[in-house]
Protein chains: 2
Amino acid sequence: MTDNERQRLAWSQLLRTHAMALRAIEGKLKAAGQPPLAWYDLLLELERGGGEMRIGDLAERLVVERYNMTRLLDRVAGEGLVERRPDPTDRRGALAVITEAGRAKRADMWPHYRAAIDSEFSDALTGADAAALTAALRKVKARLAEG
Amino acid sequence: MTDNERQRLAWSQLLRTHAMALRAIEGKLKAAGQPPLAWYDLLLELERGGGEMRIGDLAERLVVERYNMTRLLDRVAGEGLVERRPDPTDRRGALAVITEAGRAKRADMWPHYRAAIDSEFSDALTGADAAALTAALRKVKARLAEG
DNA sequence: TTCTTATATATGCAAATGCAATCATAGCAA
DNA sequence: TTGCTATGATTGCATTTGCATATATAAGAA
C-alpha cells in the first residue's frame, strides 16, 4: 500500500468511526435524558474561558458556524444555562455568559458523558493508541487551522 | 497524564478535527460545483457492491440512518445516478442500483474529492501517522460494531 | 468629518435530519 | 392454516443546519 492509500484509508476510517461513535454516544446521552453533546461542549468551553466568551470565538473554538452558534445559544439560553450580555469593548459583539444553572447542568452531564465516551470509545484503546491518535489528529488540525 | 485522560483527549481531538476537515473538504467540493461527499460515498459503495445493494445494507455500511438513506436515494435518483429495483428475494426490500450516469458521476467527482482529501488531510500525515490512525480507529469501530 | 469597506451577530427561507408512526411482507409458533 | 411478532422501507411533522441576506457597529481612507 502506498502512503497515499494509507492516508486516504485513514480519512475513510475517520469518517466512519466518527459517525458510529457519535451515534452511540449521543444515543446514550439521550437515553439518560441528557441534552445533546453540543450543549456540553458549549458549557465546558465557557467554563474554561472564565465563564464568558464572545459568540464568534465560541463558534471558532467549537468548530460550529457562527449562525449556528447564534441558534445553539438561543436554545441553551432558553433553558437558562447561559445569558447574553453586550460586549463592553465592541458594541457589535455579544458575550455568552454561563449561569449558575449552566455550571450545574454541565456537572450533571459529565458522569453520563464520561461513561459513554469510556464505554464506546476509550475502552477500545490503549493509552499509546490514544496518544498516537491525538498526535496524528493534531497535525491535521494544525494544517487546517492555517489553511 | 493518565490513560483515561489520553483517551478522552483523543475523543475530543477526533470531534474537532473531523468537523474542521469535513468543513474544508465539503467546501472545496462545493466550490468545484460537485455534489456533497455523501453522494460520492454512496456511489462508491454501490460500485464496490457489484452495482447494487439493499437499502438497509447501504445505510449500515455508510453509517447513515435508514430513513435518511431512503431520502438520500430519493435525491440521488432524482439526478438519475441510481435507480430503485424491487428485491427479488424479499418483497419488503428494495435494491439501489447504480446507473451508467452514476458511474460517470462518481468518476467525475473523484479528482476533486481526492485533491481535497490530499490537501486538507493527507498532506498533514506521514504514512506511519496514517497507519497508526487507521489502526486505532479500527479498534474503536470493531468495538462499536459488536456493542 | 464623511464615505467606504469590513466585522459581529442575527434571521427568513430552503434543505437535511431525527423521531414516531405507517404499511407491506417475512418468519415463526400454535 | 391462523395469528403474532419482527423486519424493510417509507413518510408526516418537528428540529436543526446551510445559505443568503439584513442590521448594527467598527476601522480606516479621503
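Remember, it's a predicted structure, so these values are computed and weren't measured experimentally.
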Problem set entry | Contact check, side chains of A:Leu133 and B:Trp11, non-hydrogen atoms, under 4.5 Å | no
Seminar exercise, completed: So the contacted stretch of DNA chain C, first to last nucleotide with an atom under 4.0 Å from a non-hydrogen atom of chain B, runs from C:dA16 to C:dA26
Problem set entry | Listed once per pair and sorted, the salt bridge (Lys or Arg N to Asp or Glu O under 4.0 Å) pairs that draw on residues 59-73 of chain B, sequence neighbours left out | A:Arg23-B:Glu65, B:Glu45-B:Arg61
For this session: Tell me, please, the opening and closing nucleotides of DNA chain D, 5' to 3', among those with an atom under 4.0 angstrom from a non-hydrogen atom of chain A.
Result: D:dT16 to D:dA26
Exercise. Hydrophobic clusters join Ile, Leu, Val, Met, Phe, Trp and Tyr when side-chain heavy atoms are under 4.5 Å apart, directly or via other members; which others share one with A:Leu9?
Worked result: A:Met1
Seminar exercise, completed: For A:Asp87, the side chain to side chain donor-acceptor pair (under 3.5 Å) test, sequence neighbours excluded, returns A:Arg54, A:Thr89
Exercise. Which residues in residues 24-48 of chain A have at least one heavy atom lying under 4.0 Å from any atom of DNA chain D?
Worked result: none
Residues 33-40 of chain B side chain polar contacts: donor-acceptor under 3.5 Å, at least two apart:
from, atom 1, to, atom 2, distance (Å)
B:Gln34, NE2, B:His112, ND1, 3.4
B:Tyr40, OH, B:Arg106, NH1, 2.7

Problem set entry | Residues in contact with DNA chain C, drawn from residues 58-76 of chain A - heavy-atom cutoff 4.0 Å | A:Arg66, A:Tyr67, A:Thr70, A:Arg71
Problem set entry | Contacts of A:Glu52 that satisfy side chain to side chain contact (heavy atoms under 4.5 Å, CB included) - sequence neighbours left out | A:Arg85, A:Leu95, A:Val97
Show the atom names and distances, to 0.1 Å, of all donor-acceptor pairs under 3.5 Å that link a side chain in residues 137-147 of chain B to residues at least two apart or in another chain.
from, atom 1, to, atom 2, distance (Å)
B:Lys139, NZ, A:Asp129, OD1, 3.4
B:Lys139, NZ, A:Asp129, OD2, 2.7
B:Lys141, NZ, A:Gln13, OE1, 3.4
B:Arg143, NH1, A:Ser119, O, 3.0

Problem set entry | With sequence neighbours excluded, residues passing side chain to side chain contact (heavy atoms under 4.5 Å, CB included) with A:Asn4 | A:Thr2, A:Gln7, A:Arg8, B:Asp118
For this session: Give me the residues of residues 83-92 of chain A where at least one heavy atom lies under 4.0 Å from an atom of DNA chain D, by number, or none.
Result: A:Asp90, A:Arg91, A:Arg92
